[in-house]
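As structure tokens, the structure follows; a few thoughts come after it.
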Amino acid sequence: MHMADALISPAVGGALWAATAGTVVWSCRRVRQELDERKVPLMGVLGAFVFAAQMINFTIPGTGSSGHLGGALLLAVLLGPHAAFLTIASVLVVQALFFADGGLLALGCNIFNLGFFPAFIAYPFIYRVIAPPGSGQGRVTAASLAAAVTGLQLGAFAVVLETVASGISALPFTSFVLLMQPIHLAIGGVEGLVTAAVIGFVSRVHPEITGLPTSFPERSTASGLRGVLLTLGVMALLTGGIVSWFASENPDGLEWAISRVTGSDELAAPRDGFHGTAASIQEKVAFLPDYSFPAPAVPDVSHDAASAGSGRLGTSVSGIVGGALTLGVAFLIGLILRHRASS
């Protein structure tokens with residue numbers, strides 16, 4: 001659901017930028033009041049893990065489409081909704097600025113759609129109702145599935161509303177929504193299962209983070225947290241650096257829905273005004289566009305022959321660099337907010 005600027009008008013993009021900025025400010029205030037300092041490094045490592053996980057598109061059988069994890073629900077369970085919103089915002093900002101994944105004008109929409117609904121709607125009203133603190137793994141799995149599906153359905157519907165309200169693309173509401181909702185239902189099911197699996201792992205190593213019961217209370221120590229950080233960090237490194245090579249090449253759910261309506265995976269954005277300015281900034285800042293090395297100005301035969309190898313290298317570098325950037329941004333946000341709260 002990374003929206004491109006071609007879907008969004010300046011009015012809609014500006015309104016969602018404002019809504020997202022307000023939510024960021026509110027989340028910062030709440031994090032200063034309630035974030036456990038032990039979760040500050042977890043913000044960074046989980047941000048890197050979600051960045052890497054979003055690089056892995058998995059095929060949706062029988063559709064010709066693919067999907068990837070959103071990650072905000074997992075972040076909300078492990079960090080709390082306010083720290084989760086700041087962390088997913090860090091992921092999406094790094095993706096848009098340095099990898100040209102999602103438009104800059106649409107960045108407010110993307111953060112709101114992928115962050116607000118899972119963290120502030122699906123988590124408190126679905127996940128915590130089904131799996132209150134102390135619930136077993138069975139309830140956690142059911143809660144993860146229900147909350148992940150709900151969060152993605154709301155986010156997908158918001159994409160449709162924002163696109164139609166913008167009125168700059170030929171995407172009619174009925175056709176668009178009838179494609180977006182079912183494909184993201186399948187993606188939400190996969191996300192729910194992955195979320196439950198990660199929560200189950202964390203609960204065995206450091207149950208205080210998740211609120212799940214454990215038969216090994218002695219593991220609720222600083223060494224348990226170090227184990228969580230090390231494991232998630234290694235998983236992020238391997239996922240972004242190697243597993244990302246095997247991501248599905250099918251268009252993601254949003255691209256698939258657009259192509260079914262218009263016949264093209266992508267729509268052309270206006271090249272003037274706000275759209276042109278945003279595109280110009282992104283072209284200058286994004287040093288690994290589309291998670292690969294930039295194409296040479298004058299392609300040659302030797303470059304074409306080496307494209308497969310350089311493509312994998314570019315993907316690996318993107319996964320590692322992007323994960324490191326996200327880790328640094330999210331960790332720094334948590335560190336600054338905790339320091340301000342302490343002082």
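- Listed by chain and number, the residues in a ring pair (Phe, Tyr, Trp, His ring centres under 6.0 Å) with H184 amount to none (sequence neighbours excluded).
- With hydrogens and angles left out, the side-chain atoms of S316 and W245 include a donor and acceptor closer than 3.5 Å.
- With T20 contributing its side chain and W17 its backbone, the two residues share no donor-acceptor pair below 3.5 Å.
- Of all non-hydrogen atoms in I130 and S135, the two that sit nearest each other are O-OG, 4.4 Å.
- In this structure, R271 contributes its side chain and G276 its backbone to no donor-acceptor pair below 3.5 Å.
- The hydrophobic clustering, which links ILVMFWY residues whose side-chain heavy atoms are closer than 4.5 Å, places L230 and M43 apart.
- In the hydrophobic cluster analysis, where Ile, Leu, Val, Met, Phe, Trp and Tyr join through side-chain heavy atoms closer than 4.5 angstrom, V243 is grouped apart from L232.
- Put simply, OG1 on T239 and CD1 on I56 are 6.0 Å apart, with the number rounded to the nearest 0.5 Å.
- By the criterion of side-chain heavy atoms lying less than 4.5 angstrom apart, applied directly or through intervening Ile, Leu, Val, Met, Phe, Trp or Tyr residues, F287 is grouped together with L313 in one hydrophobic cluster.
- Residues F117 and F112 bring their aromatic ring centres within 6.0 Å.
- Panel note: side chain N110, backbone M3; a donor-acceptor pair is recorded below 3.5 Å.
- Side-chain atoms of P132 and R139, non-hydrogen and from C-beta on, do get closer than 4.5 Å to each other.
- For A269 against H275, the heavy-atom pair with the smallest separation is CB-CD2, 4.3 Å.
- For the pair T59 (side chain) and S66 (backbone), a donor-acceptor distance under 3.5 Å is absent.
- The aromatic rings of W26 and H82 sit perpendicular, their planes meeting at an angle over 60°, well past the 30° parallel limit.
- How far CD1 of I183 is from CZ of R260: 9.0 Å, rounded to the nearest 0.5 Å.
- Across A148 and G188, no two heavy atoms sit closer than the pair CB-O, 3.5 Å.
- Remark: F274 CZ is loosely packed, at most 12 non-hydrogen atoms of other residues, nucleotides or ligands lying under 6.0 Å away.
- In this structure, H2 contributes its side chain and A96 its backbone to no donor-acceptor pair below 3.5 Å.
- The aromatic ring centres of F85 and F116 sit 6.0 Å or more apart.
- In this structure a side-chain-to-backbone donor-acceptor pair under 3.5 Å is missing from S175 to L171.
- Using modelled atom types, no side-chain atom of E191 and backbone atom of L74 make a donor-acceptor pair closer than 3.5 Å.
- The structure places OH of Y291 at 3.5 Å from CG of D101, a figure rounded to the nearest 0.5 Å.
- Looking at T262, its side chain does come within 3.5 Å of a backbone N or O of S264 through a donor-acceptor pair.
- In this structure, CZ in F51 is found 11.0 Å from CD1 in I88, a value given to the nearest 0.5 Å.
- For S169 against T163, the heavy-atom pair with the smallest separation is OG-CG2, 3.4 Å.
- Expressed to the nearest 0.5 Å, how far CG of L152 lies from CG of N113 amounts to 10.5 Å.
- T326 contributes atom OG1, which lies 12.0 Å from atom CG of L46 (distance to the nearest 0.5 angstrom).
- In plain terms, the two heavy atoms of A330 and G44 that are nearest each other are CB-CA, 3.9 Å.
- Residues I111 and V24 have side chains not in contact (no heavy-atom distance under 4.5 Å, counting atoms from C-beta outward).
- In this structure, F157 and F173 have perpendicular ring planes: the angle between them is above 60°, well past the 30° mark.
- A donor-acceptor pair is defined here as one N or O able to donate and one able to accept, closer than 3.5 Å; such a pair exists between the side chain of Q54 and the backbone of G70.
- The main-chain N or O of D252 is found under 3.5 Å from a side-chain atom of E255 such that the two form a donor-acceptor pair.
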